[in-house]
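Encoded as structure tokens, the structure appears first; notes follow it.
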Amino acid sequence: MSRRTAVANWKMNVPGEGIDAFCDALSAIGQAPQIIIAPPFVYLHDLYRNGRKGGWTLAGQNCSDKASGALTGEVSAAMLRDCGATHVIVGHSERRALFGEDDSLIGRKLQAAVDAGMTPLLCIGEDEQTREKGETATLLRRQITTAFAALRAIPAMLVAYEPVWAVGTGRNASPEMVRDTHGEIRRVLSESAGGHLPILYGGSVTAENAAGLAAVPEVSGFLVGGASLESSKFLQICQALG
Ligand code: PGA
């Protein structure tokens, strides 16, 4: 299996222990998965400076679909790259639900990230009602194909399966559910020439459940929210991906 990936998505938070202490703890990790930290934009530079000793890479949590312009409050992918980020999260369920982002905007953001030389991380996932109606596979297919329709070619990128009902709720998907759903996603990606892309799981990953989820061969890594805000918990999750 190729090297797996652990992404720390801090959302609009910073670790209680402070960024420097978090970085010191993380840099002590030995053999590890690829670690990507996605802090609020304004802390990217702090993490970049610390990253020289730690060896992780950085991601933006979002980017504009435009390269520049009169767009107050927006940040372009090239600006994130200037701050030391190599990756950018696109289509997180909180962006979809709270900021009205739809699949075609998300597709344009993917292309903007690629145009700026960044590696996008596309988040997809179903809400609870969709799962109960048995329509998860259809929704995931639509999320992928609509976003990919905006791309000139499928780039090197990551996909994260994050069921909305599991994000920030303490209710993670079971390993069996993750195995089956990653299998569905893999089928759709293969049809769109993206069959080789890594698929991460996200949604209430913790130090306690990480080993069980990491045992699923279809899991290429984790996208971690709440549990990435404490270095000791995040380190245990990284070690589970080992
Ligand atoms: P969570 O968040 O780990 O707190 O559920 C995951 C995410 O939003 O990426």
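Just follow the structure's listing: the first ligand is 1, and inside any ligand the first atom is 1. Computed from a prediction, not measured in an experiment: that's the story for all the values here.
Annotation: Trp10 is in aromatic contact with Phe22 [ring centroid separation under 6.0 Å].
Under 3.5 Å, the side chains of Tyr161 and Glu184 contain no donor-acceptor pair of N or O atoms.
Between the side chain of Tyr201 and the backbone N or O of Gly203 there is at least one donor-acceptor pair closer than 3.5 Å. Put simply, the side chain of Ser220 gets close to the backbone of Ile199: a donor and an acceptor are under 3.5 Å apart. Looking only at distances, no side-chain donor or acceptor of His87 sits under 3.5 Å from a matching main-chain atom of Thr119.
For ligand 1, residues of the protein lying within 4.0 angstrom by heavy-atom distance are Asn9, Lys11, His92, Glu162, Ala166, Val167, Gly168, Gly203, Ser204, Leu223, Val224, Gly225, Gly226.
The pair Lys11-Glu94 counts as a salt bridge, with a side-chain nitrogen and a carboxylate oxygen less than 4.0 angstrom apart.
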